[in-house]
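Values below: every heavy atom of this structure, side chains too, minus hydrogens, waters and symmetry copies.
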Amino acid sequence: MINKKGVEMKLPPKILRYFVILLYSGVALAQEKNIVTLEQCYKLAETNYPLTRERGLIRKTGEYTVANISKGIYPQLAVSGTATYQSDVTNISIPGLLTLKIPKDQYIVYGDLSETLTDFGINKRKKELSRTDAEVQEENLNTQLFALKDRINQLFFGVLLIDGQLQQNELSKQDIQTGMAKVKTAIDNGTDFNSSLSKLKAELLKADQHSIDLKATRQAYTSMLGVFIHQTINENTILIQPAVPILIDSINRPELRAYDLQIKSYLEQQQLNNISNYPHISAFFHGGFGRPSPLNLLSEGLSLFYITGLRLDWNIGGLYTLKKERLINSNNREILYAERNTFLFNSGMTLQQQNADIIRYQQLIASDNEIIELRDSVKRASTLQLQNGVINANDYLLDINAEGQARQDRVVHQVQLLMSQY
């Protein structure tokens, strides 16, 4: 070490050893302290929740489906072949002109290659519908994960409430210990009795018991929270009280997005049904090897053949049911609109109740502050009166318990307010 005059100073080995021990002890204590926030709990709980694995599967399935639909614009090739033996065939014989003998064993291998020329955006609509359906599944998953946040809130704010109660209980114990010191002084001066000290000691033991109960409850809450976030939470873990959130009157829930996407899916399905009933024109190539050639029955040997051109396909059977399909689609959309409006109505009622709770807790906290101020002044006066022998230990305990209860009430209301806001 260097002192102010620049002279090197050597610490004794024993003091240096103690200094190193204290340094490492401080580092170890800092490392043991684990700080956890509510947002971290949200993220870790969602990451480690088994249901979350579905999100990746839904996205991959959607990508695979869209990729398959995209291949629908490629030329379609079908290959077929037959080998047959017939019991009888037609033979043509004109003396001097023509002799035709068709073989009883016949073979043909052919391929049919076609390319749609009038897609009318069918593949595009199919891909849009597939993406929308995947988004619906993901929003339904978000709805289930949204309920997970409520469980995290219950545990996280439950621990915060217990921590606040533990702090207030420690303050009450300090007040009891202060009273015990004053009673001891009064006993030494002959102005009080040992029974007063015994009453304070008994109340201190009750406060210790209350701390044991609170710590056991905290351990149960933190154990469950640790399972959700897949982290170890112990008595050294500090849960940071979250900031007051920005409150809005609008309803922003994954259920609403799921309803909107389902309605969008029905609209896209209706558009797809409309264009699927259009006539379609495609170019085709049909060719292969045959014995005899299906295009030239006079050929006796294996020969190559092909035919190419345009093909018109129009399945008018879909037009028979198109009108009813539109009505069914419309009814399904109306059902979703009704369910969405019902959800908004119920959520609006819940929102009003929550806003009323927030106002109530704010008013209670304001009243708690006034009560605590009054109880604190009474407690300070009781401390002096106990010291001067004006009141006994029972009266003193009543006053400090009343002040402690007022502080406990404020802690409860503060956590309830914050939880209602979240």
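Side chain of Asp313 to main chain of His280: no donor-acceptor pair is present (N/O by atom type, distance under 3.5 Å, no hydrogens or angles). Looking at Thr237, its side chain does come within 3.5 Å of a backbone N or O of Asn234 through a donor-acceptor pair. At distances below 3.5 Å, not a single donor-acceptor pair connects side-chain atoms of Ser130 with backbone N or O atoms of Lys126. Side-chain N or O atoms of Ser265 include none that pairs as donor or acceptor with a backbone N or O of Asp133 at under 3.5 Å. Judged by distance alone, the side chain of Gln76 and the main-chain N or O of Tyr74 form a donor-acceptor pair under 3.5 Å. No donor-acceptor pair closer than 3.5 Å links the side chain of Thr37 to the backbone N or O of Ile240. At distances below 3.5 Å, not a single donor-acceptor pair connects side-chain atoms of Asp150 with backbone N or O atoms of Phe146. In terms of modelled atom types and a separation under 3.5 Å, the side chain of Ser367 and the main chain of Gln363 share no donor-acceptor contact. Within the 3.5 Å criterion, the main-chain N or O of Arg326 finds no donor-acceptor partner in the side chain of Ser330.
We find that Glu128 and Arg131 are not joined by a salt bridge, their nearest charged nitrogen and carboxylate oxygen being 4.0 Å or further apart. The existence of a salt bridge linking Lys379 and Asp376 is confirmed by a sub-4.0 Å separation between a basic side-chain nitrogen and an acidic carboxylate oxygen.
The shortest heavy-atom contact between Leu386 and Ala393 is CD1-N, 4.2 Å. Counting all heavy atoms, side chain and backbone alike, Val183 lies closest to Ser196 at CG1-CB, 4.0 Å. Pairing each heavy atom of Ser87 with each of Lys104, the nearest pair is O-NZ, 3.3 Å. Heavy atoms only, all atoms of each residue included: Arg291 and Pro103 are closest at NH2-CB, 3.7 Å.
Using a 30° and 60° split on the angle between ring planes, Tyr422 and Phe157 fall in the tilted class, from 30° to 60°. Ring planes of Phe285 and Tyr306: parallel class, angle under 30° (limits at 30 and 60°).
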Decide yes or no on side-chain contact (heavy atoms from CB on, under 4.5 Å) for Gln414 and Tyr361, but give the supporting numbers first. CA-CA 7 Å; Gln414 287 173 338; Tyr361 290 134; over 6 Å; no
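Looking at Tyr110 and Asp112, their side chains never bring a donor and an acceptor atom within 3.5 Å of each other. For the 3.5 Å distance criterion, the side chains of Ser172 and Gln168 fail to qualify, holding no donor opposite an acceptor. Asn329 and Glu325 share no donor-acceptor pair across their side chains, judged by distance under 3.5 Å alone. No hydrogens or angles considered: nothing links the side chains of Gln167 and Asp163 as a donor-acceptor pair under 3.5 Å.
Between Gln354 and Ser420, the closest side-chain pair of non-hydrogen atoms is not below 4.5 Å.
The OG1 atom of Thr132 sits 12.0 Å away from the CG atom of Asp260 when rounded to the nearest 0.5 Å. Note: Asn153 CG to Leu148 CG = 9.5 Å, rounded to the nearest 0.5 Å. The CG atom of Asn355 sits 7.5 Å away from the CG atom of Leu247 when rounded to the nearest 0.5 Å. Interatomic distance, CG of Asn140 versus CG of Leu145, reported as 11.0 Å (0.5 Å rounding).
Among Arg151, Lys149, Arg55, the single residue meeting the salt bridge (Lys or Arg N to Asp or Glu O under 4.0 Å) criterion with Glu46 is Arg55.
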Show me the donor-acceptor pairs, under 3.5 Å and distance only, between side chains in residues 208-215 and residues at least two apart or in other chains.
unit_1 : atom_1 : unit_2 : atom_2 : d
Asp208 : OD1    : Lys173 : NZ     : 2.7
Ser211 : OG     : Asn169 : ND2    : 2.5
Ser211 : OG     : Ala207 : O      : 3.3

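Cation-pi check for Arg311 over Phe284 is met; the charged atom lies under 6.0 angstrom from the ring centroid and within 45 degrees of its normal.
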